[in-house]
**Q** 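Structure in structure tokens, see below.
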Amino acid sequence: MSDTISAATSSNFIRDIITDHLERGRYDKVVTRFPPEPNGYLHIGHAKSICLNFGLAKTFGGVCHLRMDDTNPTKEETEYVESIANDVRWLGFEWKGQDATTPFYASDYFQQLYDWAELLIQKGKAYVDSVSRDELRKNRGTLTEPGRESPFRSRTPDENLDLFRRMKAGEFEEGEHVLRAKIDLASPNMLMRDPPLYRILKAHHHRTGDAWCIYPMYDYAHGLSDALEGITHSICTLEFENNRELYDWCLDAVGFSEPRPHQYEFARLVLDYTVMSKRKLLLLVKDGLVDGWDDPRMPTIAGLRRRGVRPEAIRAFADMIGVAKTNSTVDIGKLEYCIREDLNAISPRAMAVLDPLEVVIDTWPDDLVESGDSIEAPWFPPELADGRTTTRRIPLGKTLYIERDDFMEDPPKDFHRLSPGQEVRLRYGFVIRCDRVVKDEDGKVIRLHVSHDAETRHGTTGSDKKKVKGTIHWVDAQAALDAEVRVYDRLFKVAAPDREDDFLSTLNPESKVVMQAKIEPALSAFGAGQHVQFERQGFFFTDPSDHKDGVRVFNKVVGLRDTWAKVKARTEVPSAVPEPVAKKAAKAPDTRPEKLSRAEIRERRFAADPALAARFEAMKRDLGMSEDEAELCAETHALADFVEAALAVYAKPQAIAKWVVNELLREVKERDLETLPLTAVAFAGLVKLVDEGQLSTTAGKTVFAELVQQGGDPEAIVARLGLAQVDDDGAIEAAADQVIASNADQVAKYRSGKTQLLGFFVGQVMKATGGRARPDKVSDIVKSKLG
RNA sequence: UGGGGCGUCGUCAAGUGGUAAGACACGGGAUUUUGAUUCCCGCAUGCGAAGGUUCGAAUCCUUCCGCCCCAACCA
């Protein structure tokens, strides 16, 4: 793996999990995996996942497996396997596989997976279902209605085994039978309603050929492949969150015990102005809307590579956008920034005129008309030269080309370029003044006549004496070489083509514009696959396949930042065509029931349990609890019992309710109250201690946490931990002085008005006293000391 | 009450009860023979909303709101 991969990758929740696991010794090394299905080319979204998985392995000193998830022979092809392996390697990563070049394949595990399926059948955890595809779907129920059992669900293991073996032997046609996990048709998670594990597919597999006619489904194959390879952290995207339960089921059912792999999900990359789904990308390729998978406009790795983006930029981008669980859309400007930053450091500078306008220097000396002149210029600007002192000669003659955009007959006042009567500097040349404009009969400017100031010639002393506002690029007309320059822009006109009914209708017709450009002759030395900055324009890349001797083809990678374009856009009329509003694609009907109001829900609950209703009323009426408090305390009978028992020890309903609602409720979310070591008596004792001022609230919370963990007696815990409240002004003042003395800069900030720092000081003093100080007193003392 | 997730600046994103990181974008300035690069400076009295707990809440509790995912023999 390359050393240039950023070591300072920012933290994310998955790193935190792994760090924790390693610290606790749950695993002793990290094994991740990148598991693409070889049914398409990798794109920048995959790159995010690749950087994550391989990056994690690298930073934790583990390994990452590249595994082809090839369980569906109808979609997968060897061409894709090769492109995927190639792309991963190009991105700068090495995988652990059978060897350095061969990846893992899920298809290598078909026999083992099959054997485990037989095991599940024998354990009664899987059965062969023989209903039609339609029937199966209907029997699955809906989001709100449970599914129904298939009549074949009760087949014996022996029957199932026989049928399954015959499925494998090819005795049945596709769709006749399917092997299903026997889980729970009523599960709220649709994936757990007896999901198919194996289906019959009489298709030729790209690696196993015709050896199999049954193939495992994703959920079955994936988790078990992970387990087989000793994967520790199986990282996938958010849409698989629902699959995690099934992932765990499969591993448990086959009999894997800890430490075994676990699945974690992060948000996949969504980028502005592009599409990322393989289906849509495939459509663009198949319909010839782009020039193949490696069209430089495609977000594929192959496309980016051909465009001239380097792996360094992609890795920097992956690092920049981070890893989280929020569905988000990344501004494509971030990618462009990373590309520029990378290319800026390595690209030699040259001049090229994409849209030439002829310029004749009328003052050009006669003796140089034939022979011409030339100027030496560095390939790199001084701030980047960094020891690179190479230069090239730029021919210069009487006739030049400049960029058509760099001339305006009637310019706005902040135009720094060439216009009638005005001066501009030629990059590495001299200052010229526009004397005359020649137009054709349509009024189009076809030639400029200028005069030059020989004293401003580059490299001569005093050449920069004359100050002009602009410098423009140019090439000598006689010496210039012809080149094809492919100017690429974003593929879509709208920010979210995915949200359109017909995403193809938003294709940007100007995403590829081919220019016949004039370039400086030194560029003839450039072979295919080289980067260059055309000054004032952008970064370009000689096309890896089309650029040859005599045929010069440059791809535009990305433009330079263009402040002028921004200024222009700001002053011009804002484009009258508003971005079309994205229409949401029609979705399947929402079958969720109407939302019930809170009161209705309560009514329903209490109607079902009048005794609970009575307790709720009693708490409200007899104990003076608020409606909310009473409702929460009467959530279940167990809780209500607990509250009543606590009240029997310490009869202050407000105080008890407060602690129940704000502290206890949190603990009983995941755990049953009955399993908590905390007793009602201990709880009441704690509330009393705090309520009577013997314990600060902060210390009270510490004791509460202890009680929840270990149980015990609150007073004993207070004594053991030495938490009794510090009420003594002297002790608090001493602590406060200490804190103030050691935070002089913060004190200064506070005194100059940043009073929100009070919390900081109080916090420091509280920490210094181990949370025992009376907080209100601390606050008062600190405030008066800070003045 | 089907279940599972997610809401912090225009965009990503840290932050897990004690000073709302950072980056991109944006705005201003300096340097500049690329309107580039580089360098400074500015940019969330506030974390979906409202209540509550606390000396102190983005963080804990409650309720509400919004968005995403799941009913392929795809992955």
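Letters A, B, ... mirror the listed sequences (proteins, then strands); counts begin at 1.
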**Q** Where is the tightest heavy-atom contact between A:C338 and A:A316, given as atom of each residue plus distance?
**A**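 Taking every non-hydrogen atom into account, SG-C, 4.0 Å.
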**Q** Rounded off to whole Å, could you give me the CD-to-P distance for the A:E455 and B:U33 pair?
**A**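 Rounded to the whole Å, the gap is 18 Å.
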**Q** Using a 4.0 Å heavy-atom cut-off to protein, can you give one letter per nucleotide of nucleotides 36-41 of chain B, 5' to 3': B if the base is in contact, S if only the sugar-phosphate is, - if neither?
**A** BB----
**Q** Heavy atoms under 4.0 Å, any strand shown: does A:R605 hit a base, just sugar-phosphate, or nothing?
**A** nothing
**Q** Could you walk me through whether A:H222 and A:R33 pass side chain to side chain donor-acceptor pair (under 3.5 Å), step by step?
**A** CA-CA 11 Å; A:H222 197 90; A:R33 104 265 92 112; 2.7 Å; yes
**Q** Check side-chain contact (heavy atoms from CB on, under 4.5 Å) between A:D331 and all other residues, then give those that pass, not counting sequence neighbours.
**A**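 A:D272, A:K334.
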**Q** Where each pair must be Watson-Crick or G-U wobble with both distances under 3.5 Å, what dot-bracket representation of RNA chain B is obtained, with crossing pairs in [ ] and other-strand partners as |?
**A** .(((((((.[[[..)..(...]]].(((((.......))))).....[[[[[..)....]]]]])))))).....
**Q** For a quick check under 3.5 Å, do A:H458 and A:S463 share a side-chain donor-acceptor pair by atom type?
**A**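 Short answer, no.
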**Q** Any side-chain N or O of A:Q746 under 4.0 Å from OP1/OP2 of B:G18?
**A** no
**Q** Could you give the CZ-to-P distance, from A:R244 to B:C70, as a whole number of Å?
**A** 16 Å
**Q** Out of A:D406, A:D562, A:D405, which one pairs with A:R536 under the salt bridge (charged side-chain N to carboxylate O under 4.0 Å, His left out) rule?
**A**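 With A:R536 as partner, A:D406, A:D562, A:D405 yield a single salt bridge (charged side-chain N to carboxylate O under 4.0 Å, His left out), made by A:D406.
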**Q** Assign A:E239 to base, sugar-phosphate, or nothing according to its heavy-atom contacts below 4.0 angstrom with the strands shown.
**A**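 Counting heavy atoms under 4.0 Å across all strands, the contact made by A:E239 is with sugar-phosphate only.
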**Q** Choose from B:U19, B:A72, B:C74 the nucleotide whose nearest atom is closest to any side-chain atom of A:R133.
**A**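 Ranking B:U19, B:A72, B:C74 by closest atom to the A:R133 side chain puts B:C74 first.
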**Q** Applying a 4.0 Å non-hydrogen cut-off, can you work out what A:Y428 is touching in the nucleic acid: base, sugar-phosphate, or nothing?
**A** base
**Q** Parallel, tilted or perpendicular for A:H416 and A:W564, by the 30°/60° rule?
**A** parallel
**Q** Taking A:H473 as the fixed residue, which of A:E535, A:R427, A:E403 is the one that meets the side-chain hydrogen bond (donor to acceptor under 3.5 Å, both in side chains) rule?
**A**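 Exactly one candidate clears the test, A:E403.
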**Q** Within the 4.0 Å limit for protein heavy atoms, which parts of nucleotides 9-15 of chain B are touched? Write it as a string from 5' to 3', B for base, S for sugar-phosphate only, - for none.
**A** --BSSSS
**Q** Can you tell me, in whole Å, how much space there is between the C1' of B:C68 and that of B:G48?
**A** 15 Å
**Q** Using a cut-off of strictly less than 4.0 Å, decide whether A:K754 has a side-chain nitrogen or oxygen near OP1 or OP2 of B:U45.
**A**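 Checking A:K754 against B:U45: no side-chain N or O falls below 4.0 Å of OP1 or OP2.
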**Q** Return all side-chain donor-acceptor pairs below 3.5 angstrom for residues 131-139 of chain A, not counting sequence neighbours, or 'none' if the list is empty.
**A**
{"unit_1": "A:S132", "atom_1": "OG", "unit_2": "A:E135", "atom_2": "N", "d": "3.1"}
{"unit_1": "A:D134", "atom_1": "OD1", "unit_2": "A:R137", "atom_2": "NH2", "d": "2.6"}
{"unit_1": "A:N139", "atom_1": "OD1", "unit_2": "A:R148", "atom_2": "NH2", "d": "3.3"}

**Q** Using atom C1' of each nucleotide, how far apart are B:A58 and B:C6 to the nearest Å?
**A** 15 Å
**Q** Does the ring of A:H222 lie flat against the base of B:A75, closer than 5.5 Å centre to centre with planes under 30°?
**A** no
**Q** Where do A:G693 and A:Q725 come nearest, in terms of heavy atoms and distance?
**A**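 Heavy atoms only, the tightest pair is O-NE2, 3.4 Å.
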**Q** Considering only atom P, compute the distance from B:U53 to B:C61 and round it to an integer number of Å.
**A**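 Their P atoms lie roughly 15 Å apart.
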**Q** Which part of the nucleic acid, if any, lies within reach of A:D414 when heavy atoms closer than 4.0 Å are counted: base, sugar-phosphate only, or nothing?
**A**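 The answer is base, as A:D414 lies within the cut-off (heavy atoms under 4.0 Å) of a base atom.
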**Q** Starting from P on B:U32, measure out to NZ on A:K466 and report it in whole angstrom.
**A** 19 Å
**Q** Under 3.5 Å, is there a donor on one side chain and an acceptor on the other for A:D194 and A:Y127?
**A** yes
**Q** Can you check whether A:R199 has a side-chain N or O nearer than 4.0 Å to OP1 or OP2 of B:A75?
**A**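 Checking A:R199 against B:A75: at least one side-chain N or O falls below 4.0 Å of OP1 or OP2.
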**Q** In terms of the nearest nucleotide of RNA chain B, which residue is placed more toward the 5' end: A:F761 or A:E241?
**A** A:E241
**Q** Test for a donor-acceptor pair under 3.5 Å between the base of B:U33 and the side chain of A:H458, counting only N and O atoms.
**A** yes
**Q** Please report the closest heavy-atom contact between A:W659 and A:V690, naming both atoms and the distance.
**A**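 That closest heavy-atom pairing would be CZ2-CG2, 4.0 Å.
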**Q** Quick check on B:A25: syn or anti? Syn means the glycosidic torsion is within 90 degrees of zero.
**A** anti
**Q** With nearest nucleotides of RNA chain B determined for A:P188 and A:D219 from heavy-atom distances, which residue corresponds to the more 5′ nucleotide?
**A**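 First, find each residue's nearest nucleotide; the 5'-ward one identifies A:P188.
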**Q** Measure distances between side-chain N and O atoms of A:N72 and base N and O atoms of B:C74, and say whether any donor-acceptor pair falls under 3.5 Å.
**A**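 Under the 3.5 Å cut-off, the side chain and the base do not form any donor-acceptor pair.
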**Q** Take the protein atom CG of A:L238 and the nucleotide atom C1' of B:C67, then report the distance between them rounded to whole Å.
**A**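 Between C1' of B:C67 and CG of A:L238: 12 Å.
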**Q** Examine A:Y215 together with A:Y220 and report whether their ring centres are nearer than 6.0 Å.
**A** no
**Q** For A:K202 versus A:E173, what's the shortest heavy-atom pair and its separation?
**A** NZ-OE2, 3.5 Å
**Q** With rounding to the closest Å, how many angstrom separate the C1' atoms on B:U54 and B:U59?
**A** 13 Å
**Q** Quick one, give me the B/S/- string for nucleotides 47-62 of chain B, reading 5' to 3', where B means a protein heavy atom under 4.0 Å from the base and S means that only happens at the primed atoms, P, OP1 or OP2.
**A** -----BSSB----SBS
**Q** From C-beta outward on A:K749, which listed nucleotide comes closest to its side chain: B:A71, B:U19, B:C74?
**A**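 For A:K749, the side-chain atoms sit closest to B:U19.
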**Q** How many whole angstroms separate atom CG of A:N242 from atom P of B:A71?
**A** 9 Å
**Q** P atom, B:U45 versus B:A21: distance in rounded Å?
**A**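 After rounding to an integer number of Å, I get 12 Å for this pair.
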**Q** Per the side chain to side chain contact (heavy atoms under 4.5 Å, CB included) rule, which among A:T769, A:V765, A:V726 passes with A:V778?
**A**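 That would be A:V765; it is the only one of A:T769, A:V765, A:V726 passing the side chain to side chain contact (heavy atoms under 4.5 Å, CB included) with A:V778.
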**Q** Could you tell me how far B:U8 sits from B:C43 if I compare only their C1' atoms? Round to whole Å.
**A** 16 Å
**Q** Considering the options A:V532, A:N344, A:D342, A:I339, which one meets the side chain to side chain contact (heavy atoms under 4.5 Å, CB included) requirement together with A:F539?
**A** A:N344
**Q** Salt bridge or not between A:D184 and A:R193? Use side-chain N to carboxylate O under 4.0 Å.
**A**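 Looking at A:R193 together with A:D184, the answer is no, because their closest N to O distance does not fall below 4.0 Å.
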**Q** Quick one: A:E265 CD to B:A75 P, roughly how many Å, whole number?
**A**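 Atom CD in A:E265 sits about 18 Å away from atom P in B:A75.
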**Q** Does A:N743 reach the side chain of A:F760, with side-chain heavy atoms less than 4.5 Å apart?
**A** yes
**Q** Does B:A75 have its OP1 or OP2 closer than 4.0 Å to a side-chain nitrogen or oxygen of A:T71?
**A**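 Checking B:A75 against A:T71, a side-chain N or O does come within under 4.0 Å of OP1 or OP2.
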**Q** Without decimals, in angstroms, what is the distance between A:K202 NZ and B:C73 C1'?
**A**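 Atom-to-atom, A:K202 to B:C73, this comes out as 14 Å.
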**Q** Is there a stack between A:W564 and B:G35, judged by ring centres under 5.5 Å and planes under 30°?
**A** yes
**Q** Please report the distance separating the C1' of B:G3 from the corresponding atom of B:A71, rounded so that it comes out in whole Å.
**A** 12 Å
**Q** Provide the distance between the two C1' atoms, one in B:A14 and one in B:C9, to the nearest whole Å.
**A**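 These two C1' atoms come out 14 Å apart once rounded.
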**Q** Would you indicate which nucleotide in B:G4, B:U1, B:U33 comes nearest to any side-chain atom of A:T471?
**A** B:U33
**Q** What is the distance, rounded to the nearest whole Å, between atom CG of A:L191 and atom P of B:A75?
**A** 12 Å
**Q** For a quick test of reading the model: is some side-chain N or O of A:R536 closer than 4.0 Å to OP1 or OP2 of B:G35?
**A**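 Affirmative; the distance criterion is met.
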